[in-house]
Amino acid sequence: MATLTMALPWTLLAMLALAVGSFLNLASLRLPKMLVAEPATAAPGIVFTRSRCTHCGTALGAAELVPVLSYAVLRGRCAHCGGVIARRELMVELLACVLSLAVAAQLGWTLPAAAALLLTWMLLLLALVDGDCMLLPDALTLPGLWCGLLLNAVGVLGAGAADAVLGAAGAYLFLFVVYHLHRAATKKEGMGHGDFKLAAMLGAWLGWQHMFFILFAAAAAGALAGLCINARKRGAGAPLPWGPFLAAAGWVALLWGDAIAAWHGTWGG
């Protein structure tokens, strides 16, 4: 009985995270279309528009939308036309589940952990959208920034209001300066303005103390990925979205930023 009681919260969180992952995948596909649609164009809604098979257009029932389970039962194919279901949805659901369980394992069953889950899901959605269409929507980054400032102001997060403001402003201004210096030197844009806002959002959540690690890790990972792509001669010279790397570095700092800072301080001393 004790084992069952201990397993129940983890099971419920895993089920919630799988459902959230399914929603995030859907939102990442529909949100860009909504943002670029003309006012007179009926863009698909995120929540209240029924999901349909991408091959035959048949509206999917509830039994066909159960995260992971439906994919497994249907063996990755549409029940109506037999078309192959993209593995992306399954991967996003599983990723959301793994990241969410990692948050609970690291931070426990606490209010800050609940806030960390919210940030985790926002970062995953931003990474998906930016990876798909090189876009970090203000509709996600700006509410995320204000949410981080508010949670720090009321003491839910540990950075504190002043450090959160410094983190948001400092990250934005630093990347703004880097952007214009790079543009002046190369006549090319090295990053988009959405990257400034995502960095500011992370600063608002985590405070200025973790921003050096986040920016350095994101830059290093992005550079390494670019080198690997060029080495394989696939899309050489094509722009690479930086948002997923910023999101990943921010998530690592969310869970292990204090440990990284302590290690760096010990190593530096």
Open item on the list: For the CZ atom on Phe174, are there more than 12 heavy atoms of other groups (residues, nucleotides or ligands in this structure) within a distance under 6.0 Å?
Closed with: no
- [ ] Starting at CD of Gln209, measure out to CD1 of Ile260 and round the result to the nearest 0.5 Å.
- [x] 14.0 Å
Open item on the list: Just so I know, are the side chains of Leu246 and Leu126 near enough to count as touching, which here means a heavy-atom distance under 4.5 Å?
Closed with: no
Open item on the list: With a 3.5 Å distance limit and no angle check, can you tell me whether Asp130 reaches the backbone of Pro241 through a side-chain donor-acceptor pair?
Closed with: no
Open item on the list: Are the side chains of Leu240 and Phe245 in contact, using a 4.5 Å heavy-atom criterion?
Closed with: yes
Task: Transitive ILVMFWY side-chain link Val252 to Leu224, under 4.5 Å - done: no
TODO: Begin with the C-alpha distance, continue with both residues' side-chain angles, and end with the deciding distance and a verdict on side chain to side chain contact (heavy atoms under 4.5 Å, CB included) for Val103 and Leu119.
DONE: CA-CA 10 Å; Val103 168; Leu119 179 59; over 6 Å; no
Task: Residue pair Ala204 / Ala164: nearest heavy atoms and the distance that separates them - done: O-CB, 3.3 Å
TODO: Over all heavy atoms of both residues, which pair between Leu107 and Ala113 is shortest? Give the atoms and the distance, please.
DONE: CB-CB, 3.7 Å
- [ ] Starting at CG of Leu206, measure out to CD1 of Ile214 and round the result to the nearest 0.5 Å.
- [x] 5.0 Å
Task: ILVMFWY cluster, Leu166 and Met201 together (side-chain gap under 4.5 Å) - done: no
TODO: Can you see which heavy atom on Ala249 is nearest to which on Ala218, and at what distance?
DONE: CB-N, 4.0 Å
Open item on the list: Pairing donors with acceptors under 3.5 angstrom, does anything connect the side chains of Asn25 and Glu93?
Closed with: no
Open item on the list: Using only atom types and a distance under 3.5 Å, with no angle test, would you say the side chain of Trp121 pairs donor to acceptor with the backbone of Leu24?
Closed with: no
Open item on the list: Any non-hydrogen side-chain atom of Leu117 less than 4.5 Å from a side-chain atom of Leu13?
Closed with: yes
Open item on the list: As an exercise, state the distance from CG of Leu99 to CG of Leu94, rounded to the nearest 0.5 Å.
Closed with: 11.0 Å
Output a table of donor-acceptor pairs, distance under 3.5 Å, between side-chain atoms of residues 136-149 and any protein atom two or more places apart or on a different chain; print 'none' if there are none.
| residue | atom | partner | partner atom | Å |
| --- | --- | --- | --- | --- |
| Asp138 | OD1 | Lys197 | NZ | 2.9 |
| Asp138 | OD2 | Lys197 | NZ | 3.1 |
| Thr141 | OG1 | Pro137 | O | 3.3 |

Open item on the list: With a 4.5 Å cut-off on side-chain heavy-atom distances among I, L, V, M, F, W and Y, is there a chain of contacts connecting Leu173 to Leu181?
Closed with: no
- [ ] Decide whether Trp205 and Val156 are clustered together by the hydrophobic rule: side chain heavy atoms of Ile, Leu, Val, Met, Phe, Trp, Tyr closer than 4.5 Å, transitively.
- [x] yes
Open item on the list: Please give me the minimum heavy-atom distance between Ala171 and Met211, naming the atom from each residue.
Closed with: CB-CE, 3.7 Å
TODO: Determine the minimum heavy-atom distance between Ala199 and Leu175, stating which atoms define it.
DONE: CB-CD1, 3.5 Å
Open item on the list: Please find the pair of heavy atoms, one from Tyr172 and one from Ala200, that lie closest to each other, and give the distance.
Closed with: CB-CB, 4.0 Å
Task: Asn152 side, atom CG; Asp163 side, atom CG - distance, nearest 0.5 Å - done: 8.5 Å
TODO: Check side-chain contact (heavy atoms from CB on, under 4.5 Å) between Ala102 and all other residues, then give those that pass, not counting sequence neighbours.
DONE: Trp251, Leu255
Open item on the list: Quick check for you: to the nearest 0.5 Å, what is the distance between Arg88 atom CZ and Leu128 atom CG?
Closed with: 5.0 Å
- [ ] Would you indicate whether Trp256, at its atom CH2, is surrounded by more than 12 heavy atoms from other residues, nucleotides or ligands within a distance under 6.0 Å?
- [x] yes
Open item on the list: Could you work out, with side chain to side chain donor-acceptor pair (under 3.5 Å) as the rule, every residue matching His180, not counting sequence neighbours?
Closed with: none
TODO: Output the distance between atom CG (Leu135) and atom CG (Leu31), rounded to the nearest 0.5 Å.
DONE: 7.5 Å
Open item on the list: When you measure from the side chain of Asp132 to the backbone of Leu29, do you find a donor-acceptor pair of N or O atoms at a distance under 3.5 Å?
Closed with: no
Open item on the list: With a sphere of 6.0 Å drawn around CE of Met91, does it hold more than 12 non-hydrogen atoms of other residues, nucleotides or ligands?
Closed with: yes
